[in-house]
Structure formats: structure tokens, C-alpha cells
Amino acid sequence: MLDLKLLQNNFDEIVEKLKKKKIKEEVLKELKRLFVVLKEQKSILETLQSEQNKKSKLFPVYLKEKKDVNELKKELETNKQKITVQQKIVNEIEEELEIYALNIPNIPDDIVPVGKDEDSNVEIKKVLEPKEFDFKPKEHWELGENLDWIDFTRGVKIAQSRFSVLKNDAAKMERALINYMLDFNAKRGFKEVCVPYIVNKESMRGTGQLPKFEDDLFKIEAEELYLIPTAEVPLTNLFRDEILKEEDLPILMSGYTACFRKEAGSAGRDTRGMIRQHQFDKVELVSIAKPEESDKIFDKMVQCASDLLTSLVLPHRLVMLCGGDLGFSAAKTIDLEVWLPGQNKYREISSISNTRDFQARRAKIRYKNNKKNKLVHTLNGSSLAVGRTLIAIMENYQQKDGTVAIPEVLKKYM
RNA sequence: GGACAGGUGGGUGAGUUGGCUGAAACCACAUCCCUGCUAAGGAUGCGUACUGGUAACGGUACCGAGGGUUCGAAUCCCUCCCUGUCCGCCA
């Protein structure tokens, strides 16, 4: 959630910055207006409440002195009715304000490039050169079917489209990758955490999935619970409604979970193969940091994910997302795109974001700083999407005879 | 799922015949005093959010959540959630 006081005081600046995310000035104006109205109405309410409290306290005094209490009572009954009315007014404004506020995305950092979609993303650097093949490299689904590594049709049979089944060495490699990634991240200081795959709506709201993106989530209707779309949700919400000690920061975590996404807006995209599934494995990095150190930690996370790809000898590039491609909660995001020789393209395999205090404000994650409570910064990033890493290995390590070599660093894990 | 017992500030834990209790006491923590060091002792401070004020200092709300009764609720009533114990079930 954005800082409403900041909006109040730096309105023009924020309007300008949120233009990168295609937010209209009118919406922000309305939000600003509601915030002022709420303050006024609340003040009226509090004056009435104050009066009620003061006079109620006269009762025991009157009774003690055996004075007549009826007139006072009548007065307070009238005042109480006013309070009830005013309370309703305040509640309505609060609800309306909340709807506006919770649906406005984070303010992009100044370095975020302007642009409406992924075509305006800016390449920062390339790591490792794509390998030259002396044959035409196949796409992963062809390899997967030929080797009996991926069973697409049975995945659909037992669940739905966009579900698949891994078999043989692919199944083993999926597991090996998870273990390898968690170990790799642990060496960089990201402590391993194992969290639930199901969370409540407070958690979803805390990290920004709700209320705006309900359609993207798998919901367990009867229970008011949701399947997580990423481990970012449980890992970040671990500290929801908590005041952390300054000396405990930064908190660096790494966790493996399955992730579940409806892919509601992706009809027709990547329908072939395993790029875009309703369920996929991912090892995630989440950090909770003091504001002044969050940029440093962001770089550390990007480096960690990039080095992980390098250690698997997978060519990739770093891309700074433009405003239009930036996620709802992010102030700044760098994507890692891995080279897929079969597709002859770089494809997203990791996305690392600094949400600044956006999620912290929603989730009320604070730390004590000189007796004052300050919002932390929260950061998240994939390290890596496991299924896509498997695909990348298949396409990059494929050989002329149609088999796939095992990356050196994975050998002891398989 | 059934039965019972509970949910109070960082922790332990008072307060349930409704009223100067936003909440005793103790511990922890912070600052200061005392002290050769340690230990002990003494003083003061110490919840969160919003809000008024340059500040001093005020106001409102919050005792699991949401409603209700009342002039007034941590205290009474209702609903829900959660925790503990026993039973059932189970990886």
C-alpha cells in the first residue's frame, strides 16, 4: 500500500511516478480527497466520543452525591445517537478508501525505465555465450517426450490442462535441482525455511495478491484459504504484524515450495510444453531488510540467482523491467532470462524485486529503530523456477543423439 | 469431528458482583545513581495505531475477531477464529 501521507504532501510527484504504471491522476485525486474527508469526519466522531466518555464518568459521582441522573442520561442518549450516525459515516469512508488504496500499485523507483510492455525492458548484461550446436537443437517438449521424461497427456488426464508429469531422470533432476539450489543459497547466507503451501486471505493481502488478483489464485472455497502462487507469500508473511529487533535484520531466507497459478490472463500463451503450468516448483529467496540496506541486498539476491545459473553453465541475461511490465508490488525488478536454444530465445527464469515498504505497510512488518517503529523493506526473488531450469538444462545440454547430459554440479545430487 | 478449559501489554500473570483500569504486580528491557570489579541495591521510563499541538502535553480506538446490551464493558449476551487437554481419526 502506498503511503497516504506521502501522497498528501507530494501529490504531483507521485502522480508523475505512477504514470509509469499507467495509474490515472483522477484515481489518486479521489484517494487524496477521501483521505482528507476521513480525517475531518473522524475528528468529528472523536469529539463526540470524548464528550460521551467524559459525561459517562459523571454517573458514579452523581450517584454518590445522590443527584438526579435522568437529565444526564437523556443528554447522553442523544449524543450516543449522533455517535452511531457519525461512526457509520466514518466506516463507509474507510471502506471506500481502503478499496482505492489497496488497488494502487507500488511506486516505481526512479531508475525504472518508461515503457508499456516487455519490449521496453532494458538488458543490463549477458552472462555466458549461447553454445553453438552442430545440429538443430530440439525444444524441450520434443526431448521430453522422446526420452520419456515428461508425460503431458497423463498430467492433463489426472488434473487439467497445464499440468504435467515428470518421469525417470527428469523426476530425479527436479529433486536434485531443488536440493542443489537450497544448498547453494544457504552458502550465501539465505537460511532454509519450509512453509505451508496454503495461506489465509490476510497473508494474500499482505503481499499484494489480494484484493486485486483473486482471479489468478486457486482458492479452497469452503475454507477461505488459498494455494500459494509463490513462496514469497508465506515467507514474507511470516513476520506479518510483528515488530522486529533491529539487530535481527536483515533476515535472509530461502525456501522451496510448489506454486499454484490459474494463469487466468495467459490463455493461448505457452500452451505447448512445460513453460507455463498451473503447478510448478520454485526455490525462492525472501529478505527482510532495513530501508538503507535494501538496495545492497537486492544486488546480493540478483547476484545469487545469476551465479546459480552460471554454476549450471546456463547462458542468461539480466533485464531491468520497465514500468509497464513491473509487478503490482514491486518498486524495481530485475528478471533473469535463460537461453533456450530450442526456442532460440531468452525466457524468464527468475524475477527479483524490491518492494520497498509497500508490502511492509500492508502486512505491518516493522522494526524498532531508536524507540520508533519503522517499516522494513521486503524483497523477493526466484532462485530459480525449477521446472524452467529443468527445461533450460534439457535444451542446453542436449546432444546429437537426443540424450541430455547432466550438469557437473548436479551429478552428486542424482 | 465430540467433550471440557482457556485466549489480557515483550514475557509471566492480576482483574469476570459492569464505572477514574489502557489495564496491578513481577520479569525482561532502557537511562541514571550507587560501586575498585562482580553481585546486589535505588530512581525513572517502558504497548500499538490514528489524531491535535513547534513543543510541553492532549484526544480517540484497541484486553483473540466481529456484532449486541448499557449513560458506561477486559468484565454481561451472541457468532466466529485460535490455543490447550482428553476422546475419535490419521501421515
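Residue numbers begin at 1 in each chain, while the letters A, B, ... track the order of the sequences.
At C20(B), none of the side-chain N or O atoms of Asn53(A) fall inside 4.0 Å of OP1 or OP2 (strictly under the cut-off). Under 4.0 angstrom from either OP1 or OP2 of U51(B) there lies no side-chain N or O belonging to Ser43(A). When the side-chain nitrogen and oxygen atoms of Lys368(A) are compared with OP1 and OP2 of U48(B), one or more of them lie within a distance under 4.0 Å. The shortest distance between the side-chain N/O atoms of Asn79(A) and the OP1/OP2 oxygens of C71(B) is not below 4.0 Å. Side-chain N/O atoms of Arg366(A) include one lying less than 4.0 angstrom from OP1 or OP2 on A49(B).
Ring orientation note: the planes of Phe213(A) and Phe328(A) are nearly perpendicular, at an angle over 60° on the 30°/60° scale. A perpendicular orientation is assigned to the rings of Phe218(A) and Phe260(A), their planes being inclined by more than 60° (bins at 30° and 60°).
In this structure, CD of Glu94(A) is placed 13 Å from C1' of C62(B), rounded to the nearest angstrom. If you take NZ of Lys201(A) and C1' of C81(B), they are 11 Å apart, rounded to a whole angstrom. Between the CD1 atom of Ile83(A) and the C1' atom of A61(B) there is a distance of 12 Å, given to the nearest Å. For the pair Lys55(A) NZ and U70(B) C1', the interatomic distance rounds to 18 Å; values are reported in whole Å. Regarding Asp241(A), its CG atom lies at a distance of 11 Å from the P atom of A65(B), rounded to whole Å. We find that CD of Gln87(A) is positioned 13 Å from C1' of C62(B), with the value rounded to whole Å. In this entry the distance linking CG of Leu38(A) with P of A61(B) reads 16 Å, nearest Å. Here the P atom of nucleotide U79(B) and the CD atom of Glu224(A) are 20 Å apart, to the nearest Å.
The side chain of Lys5(A) lies closest to U51(B) when the candidates are A49(B), C71(B), U51(B). Counting only heavy atoms from C-beta on, Lys73(A) has its side chain closest to C71(B) among C71(B), U51(B), G59(B). Nearest nucleotide to the side chain of Lys42(A), out of C71(B), A49(B), C50(B): C50(B). Checked against G59(B), U51(B), C71(B), the side chain of Glu46(A) finds its nearest nucleotide in G59(B). Nearest to the side-chain atoms of Gln49(A) among the listed nucleotides G72(B), A61(B), G19(B) stands A61(B). The Gln52(A) side chain lies nearest to C71(B) when the options are U51(B), G19(B), C71(B).
With both ends at atom P, the span from A56(B) to G47(B) equals 16 Å, rounded to whole Å. Taking atom C1' on both U51(B) and U12(B), the two are 34 Å apart, rounded to the nearest angstrom. For the P atom pair drawn from C76(B) and G7(B), the interatomic distance equals 11 Å after rounding to whole Å. Atom name P, nucleotides A23(B) and C46(B): the rounded distance is 10 Å, in whole Å. Remark: the separation of the P atoms in G64(B) and A14(B) is 15 Å, to the nearest Å. Here, G58(B) and G22(B) have their P atoms 15 Å apart, quoted to the whole Å. Atom P of A65(B) sits at a distance of 10 Å from the matching atom of G9(B), rounded to the whole Å. G18(B) sits 9 Å from U70(B) when the C1' atoms are compared, rounded to a whole Å.
Residues Arg205(A) and Glu98(A) are paired through a salt bridge, judged by an N-O separation under 4.0 Å between the basic side chain and the carboxylate. In summary, Lys19(A) and Glu25(A) do not engage in a salt bridge, as defined by a charged side-chain N under 4.0 Å from a carboxylate O. Salt bridge annotation for Glu13(A)-Lys17(A): present, with a cationic side-chain nitrogen under 4.0 angstrom from a carboxylate oxygen. At a threshold of 4.0 Å, the pair Lys167(A)-Asp151(A) counts as salt-bridged, since one of the basic side-chain nitrogens sits closer than that to a carboxylate oxygen.
Nucleic acid contact for Lys80(A): base, since at least one base atom lies under 4.0 Å from a heavy atom of the residue. Glu75(A) comes within 4.0 angstrom of no nucleic acid atom, judged by non-hydrogen atoms across all strands. No contact: Lys74(A) has no heavy atom under 4.0 Å from any strand. Using a 4.0 Å heavy-atom distance criterion, Lys54(A) is classed as making no nucleic acid contact.
Nucleotide A23(B) has no partner under the Watson-Crick or G-U criteria, as no pair reaches both atom distances under 3.5 Å. Shown here, U79(B) forms a base pair with A65(B); the pair counts as Watson-Crick or G-U wobble because both key distances fall under 3.5 Å.
The backbone N or O of Gln52(A) sits less than 3.5 Å from a side-chain atom of Ser56(A), completing a donor-acceptor pair.
When all heavy atoms are compared, the tightest approach of His140(A) to Gly273(A) is NE2-CA, 3.5 Å.
Closest-nucleotide positions on RNA chain B for Leu63(A) and Ile243(A) were compared, and the one nearer the 5' end corresponds to Leu63(A).
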